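Here is the structure we will look at.
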Amino acid sequence: MKIATWNINSVRLRINNVVRFLEVEQPDVLCLQETKAQDHDFPITALHAAGYTHTIFSGEKSYNGVALISRVPLKNVQKNEFAGKQDKRHISAELPGGAVLHNFYVPAGGDIPDRNQNEKFGHKLDFVDGMRGWFGKHASKKAPMILVGDLNIAPLEHDVWSHKQLLDVVSHTPIEVEKLTSLQEHLGWVDASRHFVPHSEKLYSWWSYRNQDWKKSDRGRRLDHIWVTEPLQKGLSKSTILKEMRDWEQPSDHVPVVLEIAV
DNA sequence: ATGGTTGGTTACCAA
């Protein structure tokens, strides 16, 4: 099975890019974040026409929003809330074969990495804690699960262009990394992208719009992740980050992360 | 140290 995750930064603006991606890459399931569309505005017709008839979504006006765009049947759809807000940051479903796929959009967290000065940072920390609490209550290490999404945290030294310069920049601060690592270790999640790329190698999935030439400056971060639980580890076969899509016309600032896996 | 760009909505907020 081929699973992809992509922060699309408005699914309506970029629906043609989504369809082009589906045609070129042929994923079984594409997980989107930041769809920024209410459910009645979701551009479902183009996706059905492309063969992705099992498409589910959870959106709100202007902000957030997640979707599973699938050409295989999905069962037991869930939309959960974390950190005490009714925002649309999670959707999950069971894949053929029984593995459960969770798609998350973790809050970005604002600019100041201090929850006393910036409640958005507090919300982000609470959200990641909430994820850990949820999996502690509802899941086990033995369950075959795939967790994907824009986690808005780049945990490893070479997940950012400069470890030193980003230590106090939201997305790479020690407290965020600690919470994400705690979530990861709790159920023994395997980082599928890093499974195929040494930790010493730079690996990014996001480049800011605020650079004259994103490729030349290459100030990227790996904010988008695909994790699997241990029962699925032996099935991992290939993982890619489609960096070249950052050069597509009117691109998202994120590019897709893709995994091929036996489930 | 600062500002740089984009999207949704339509005054700025969020990323």
Side-chain angles (χ1 to χ4, degrees), chain A residues 5-21 31-44 46 57-67 81-90 103-115 117-128 148-155 159-162 164-173 175-177 180 204-225 243 245-257:
Chain A
T5 179
W6 191 11
N7 178 317
I8 194 64
N9 188 15
S10 175
V11 69
R12 285 178 292 172
L13 186 71
R14 273 181 262 282
I15 185 62
N16 292 338
N17 287 14
V18 171
V19 171
R20 181 177 165 197
F21 170 78
C31 310
L32 294 181
Q33 305 86 35
E34 273 207 277
T35 53
K36 295 185 176 177
Q38 296 173 90
D39 290 349
H40 64 261
D41 288 329
F42 200 91
I44 195 163
F57 35 82
S58 178
E60 62 186 286
K61 195 176 179 181
S62 302
Y63 306 115
N64 313 319
V66 287
E81 292 168 353
F82 298 84
K85 296 205 181 201
Q86 276 97 61
D87 48 7
K88 307 301 187 188
R89 297 182 178 273
H90 169 267
N103 178 16
F104 282 97
Y105 175 49
V106 172
D111 288 331
I112 304 167
D114 176 348
R115 68 179 310 152
Q117 295 178 61
N118 169 19
E119 66 179 40
K120 284 188 273 187
F121 191 68
H123 176 218
K124 181 179 197 175
L125 300 179
D126 292 347
F127 191 97
V128 178
V148 312
D150 177 4
L151 305 185
N152 265 315
I153 299 172
D159 290 340
V160 295
W161 62 276
S162 168
K164 243 185 192 170
Q165 284 176 261
L166 272 82
L167 274 172
D168 59 353
V169 173
V170 172
S171 72
H172 193 62
T173 64
I175 185 165
E176 294 167 79
V177 170
L180 193 73
Y204 313 137
S205 65
W206 172 89
W207 291 262
S208 173
Y209 287 124
R210 302 176 192 179
N211 279 313
Q212 274 203 326
D213 185 333
W214 71 273
K215 202 185 281 175
K216 193 176 166 200
S217 55
D218 199 22
R219 295 186 165 190
R221 305 177 201 170
R222 188 170 70 105
L223 303 178
D224 304 277
H225 299 266
K243 181 176 180 176
M245 286 178 58
R246 188 63 178 73
D247 264 339
W248 279 18
E249 196 178 329
Q250 201 170 29
S252 169
D253 45 355
H254 297 250
V255 298
V257 179

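What you see is a predicted model, and the numbers here were worked out from it, not measured in a lab. Chain naming here is simple, since letters A, B, ... match the order of the sequence lines and numbering starts at 1 in each.
- Under the Watson-Crick or G-U wobble criterion, with both distances below 3.5 Å, B:dA15 is paired with B:dT5.
- Evaluated for a side chain to side chain donor-acceptor pair (under 3.5 Å) with A:Asn7, the options A:Asp150, A:Thr35, A:Asn152 yield exactly one hit, A:Asp150.
- Here the separation of B:dA15 from B:dG4, taken at their C1' atoms, is 13 Å to the nearest Å.
- When the side-chain nitrogen and oxygen atoms of A:Arg14 are compared with OP1 and OP2 of B:dG7, one or more of them lie within a distance under 4.0 Å.
- Within the nucleic acid shown, A:Glu34 comes within 4.0 Å of sugar-phosphate atoms alone, with no base atom in reach, counting heavy atoms only.
- In this structure, A:Asn17 places its CG atom 11 Å from P of B:dG7, rounding to the nearest Å.
- As rounded to whole Å, 8 Å separates atom C1' of B:dA14 from atom OH of A:Tyr105.
- Side-chain contact between A:Phe121 and A:Ile112 is absent, with no heavy-atom pair separated by less than 4.5 Å.
- Within 4.0 Å of A:Gln250, counting heavy atoms only, lie sugar-phosphate atoms of the nucleic acid but no base atom.
- In this structure, CH2 of A:Trp207 is placed 17 Å from C1' of B:dT6, rounded to the nearest angstrom.
- Counting only heavy atoms from C-beta on, A:Lys36 has its side chain closest to B:dG7 among B:dT5, B:dG7, B:dA14.
- Side chains of A:Arg89 and A:Tyr63 form no contact here, defined as non-hydrogen atoms less than 4.5 Å apart.
- B:dA14 and B:dT10 are spaced 14 Å apart, taking the P atom of each and rounding to whole Å.
- The separation between A:Tyr63 atom OH and B:dA14 atom C1' is 6 Å, rounded to whole Å.
- Using a 4.5 Å heavy-atom cutoff, the side chains of A:Tyr204 and A:Val255 are not in contact.
- Distance CG (A:Asp150) to C1' (B:dA15): 10 Å, rounded to an integer number of Å.
- The NE2-C1' distance, from A:His123 to B:dA15, rounds to 14 Å in whole Å.
- Each of A:Ala108 and A:Tyr209 was matched to the nucleotide of DNA chain B holding its nearest heavy atom; the match closer to the 5' end belongs to A:Tyr209.
- Nucleotide B:dT5 holds its C1' atom 10 Å from the CZ atom of A:Arg246, rounded to whole Å.
- Put simply, the side chain of A:Asn211 never gets that close to the backbone of A:Asp218: no donor and acceptor are under 3.5 Å apart.
- Looking at which nucleotide of DNA chain B each of A:Gln38 and A:Asp253 is closest to, the 5′-most match is held by A:Gln38.
- Rounding to whole angstrom units, NZ of residue A:Lys61 and C1' of B:dG7 are separated by 14 Å.
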